[in-house]
Structure formats: structure tokens, C-alpha cells
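This report refers to the structure that appears directly beneath it.
Only heavy atoms go into these numbers, but all of them, side chains included; no hydrogens, no water, no symmetry mates. Numbers restart at 1 for each chain; the letters A, B, ... are given by sequence-line order, proteins then strands.
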Amino acid sequence: MVRQSNYQKIYDVVRQIPRGKVATYGQVAQLAGLGGHARMVGYALHNLPENSGIPWQRVINAKGQISFPPDSAHWNLQRALLEAEGIRFDEDDKISLACYRWEV
DNA sequence: CTCGTGACGGTAT
DNA sequence: TATACCGCCACGA
């Protein structure tokens with residue numbers, strides 16, 4: 001067996017997120033077999049370089065919002081990327097729950 | 001080897 | 001219904 005690192009598994013799951021959809025850290029963690037350890041997902045993505053080809057922008061927190069602090073460069077970047085993919089943001093910067101539903 | 005922090009989630013108050 | 005706190009694993013110093 002491959003005994004792939006959990007990080008690799010996370011990246012694989014994130015890569016499966018279709019364009020125009022998003023997933024929560026908990027969802028990714030569960031699909032990656034990590035159970036409910038969403039923090040690890042965040043850590044993995046934090047270690048992720050921008051040119052790795054991973055759609056990290058499609059991963060958000062359970063509140064349906066971007067986990068970055070507002071006014072942050074990363075926050076604006078992620079929001080711009082999601083909007084460019086057709087993701088609609090609520091007035092509270094929340095994403096429609098329908099976008100969480102994605103299947104491979 | 002030990003301590004503290006972190007792109008979070010769930011439960012309790 | 002909203003806010004606060006704790007717990008989990010991994011990694012850096």
C-alpha cells in the first residue's frame with residue numbers, strides 16, 4: 001500500500017472539488033479519512049504553495065465563510081477566485097449552502 | 001524532548 | 001439564536 005501522508009490525501013480530496021463548488025474543512029477531513037480533524041486540513045493547505053495547482057480557494061470553514069481575517073490579502077484573493085468561478089456571496093460574506101453539495 | 005500555535009468543529013451556556 | 005471554550009493532530013522553535 002502506499003501509506004500516503006494524510007496531507008497527500010487532503011490534497012487529493014481538494015483536487016476533486018469541481019469548479020463552482022466549495023467544501024468545508026470538516027467535509028474534506030472526513031473524505032480524506034481524517035474523521036473530524038478539520039484543523040489538520042487547514043494546516044495542510046497552509047503548507048501548500050500557491051503554484052501547487054490545488055484549488056485551496058474552494059475550501060472554506062463550516063460557517064460558509066472564508067477563514068481568513070477580512071481585509072487580508074488572502075481573504076480578498078480567495079473571494080475573488082471564488083466569484084470568478086461563479087460562487088455567490090451573501091451580504092454576510094457567506095456562500096450558499098447549495099455550493100457545499102458536490103460529488104465526484 | 002517540551003511548549004505553544006494554528007486556513008476548525010462541535011457542544012455548552 | 002449568538003458567543004465562548006475546549007479538544008484534536010502536526011509542526012516549528
Side-chain angles (χ1 to χ4, degrees):
Chain A
M1 229 326 229
V2 291
R3 184 196 295 199
Q4 294 179 329
S5 290
N6 291 335
Y7 279 39
Q8 190 62 43
K9 203 85 184 277
I10 291 167
Y11 299 148
D12 189 53
V13 173
V14 175
R15 240 173 260 193
Q16 292 170 60
I17 303 175
R19 182 176 173 283
K21 296 280 180 178
V22 295
T24 66
Y25 292 96
Q27 179 111 32
V28 174
Q30 176 147 4
L31 291 173
L34 295 174
H37 298 232
R39 281 191 134 187
M40 197 178 156
V41 177
Y43 232 81
L45 293 179
H46 180 276
N47 232 314
L48 188 71
E50 296 180 0
N51 52 347
S52 59
I54 307 293
W56 58 270
Q57 63 232 49
R58 296 175 191 157
V59 185
I60 57 177
N61 59 19
K63 296 176 216 158
Q65 306 183 252
I66 297 172
S67 289
F68 288 109
D71 271 358
S72 180
H74 273 101
W75 188 89
N76 279 302
L77 175 62
Q78 184 168 13
R79 173 167 176 168
L81 289 169
L82 291 174
E83 284 186 329
E85 296 188 353
I87 302 293
R88 291 282 212 104
F89 281 83
D90 206 294
E91 298 199 354
D92 278 331
D93 298 318
K94 290 193 287 192
I95 298 174
S96 296
L97 296 171
C99 296
Y100 301 157
R101 251 182 129 171
W102 56 280
E103 301 203 15
V104 289

Each nucleotide N or O in nucleotides 3-13 of chain C that has a protein N or O under 3.5 Å away: list the pair and distance.
unit_1: C:dC8; atom_1: N3; unit_2: A:R39; atom_2: NH1; d: 3.3

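The environment of A:D90 atom CG is dense: over 12 non-hydrogen atoms of other residues, nucleotides or ligands sit within 6.0 angstrom. Taking a 6.0 Å sphere around CD of A:Q65, one finds it holds more than 12 heavy atoms contributed by other residues, nucleotides or ligands.
Rounding to the nearest 0.5 Å places OH of A:Y100 at 7.5 Å from OG1 of A:T24.
Within the structure, salt bridge (charged side-chain N to carboxylate O under 4.0 Å, His left out) contacts touching residues 13-23 of chain A (residues at least two apart or in different chains) do not occur.
By the side-chain hydrogen bond (donor to acceptor under 3.5 Å, both in side chains) test, A:N76 pairs with no residue at all, sequence neighbours left out. For A:R39, there are no salt bridge (charged side-chain N to carboxylate O under 4.0 Å, His left out) partners, not counting sequence neighbours. Judged as a salt bridge (charged side-chain N to carboxylate O under 4.0 Å, His left out), and not counting sequence neighbours, the contacts of A:D93 are A:R79. Shown here are the side chain to side chain contact (heavy atoms under 4.5 Å, CB included) partners of A:P49, two or more places apart in sequence or in another chain: A:N51, A:S52. A search for side-chain hydrogen bond (donor to acceptor under 3.5 Å, both in side chains) contacts involving A:E85 returns A:Q57, A:R58, not counting sequence neighbours. Every residue two or more places apart in sequence or in another chain that forms a ring pair (Phe, Tyr, Trp, His ring centres under 6.0 Å) with A:F68 is listed here: A:H74. Under the side-chain hydrogen bond (donor to acceptor under 3.5 Å, both in side chains) criterion, A:N47 pairs with no residue at all, not counting sequence neighbours.
Applying a 4.0 Å cut-off to non-hydrogen atoms, the residues of residues 59-77 of chain A that approach DNA chain B are A:N61, A:A62, A:S67, A:F68, listed by residue number. For the segment residues 25-33 of chain A, the set of residues with a heavy atom within less than 4.0 Å of an atom of DNA chain B comprises A:Y25, A:G26, in numerical order.
Protein chain A touches strand DNA chain B; the 5'-most and 3'-most nucleotides with an atom under 4.0 angstrom of its non-hydrogen atoms are B:dT5 to B:dG9.
The two residues A:A38 and A:G26 have their closest heavy-atom pair at CB-N, 3.8 Å.
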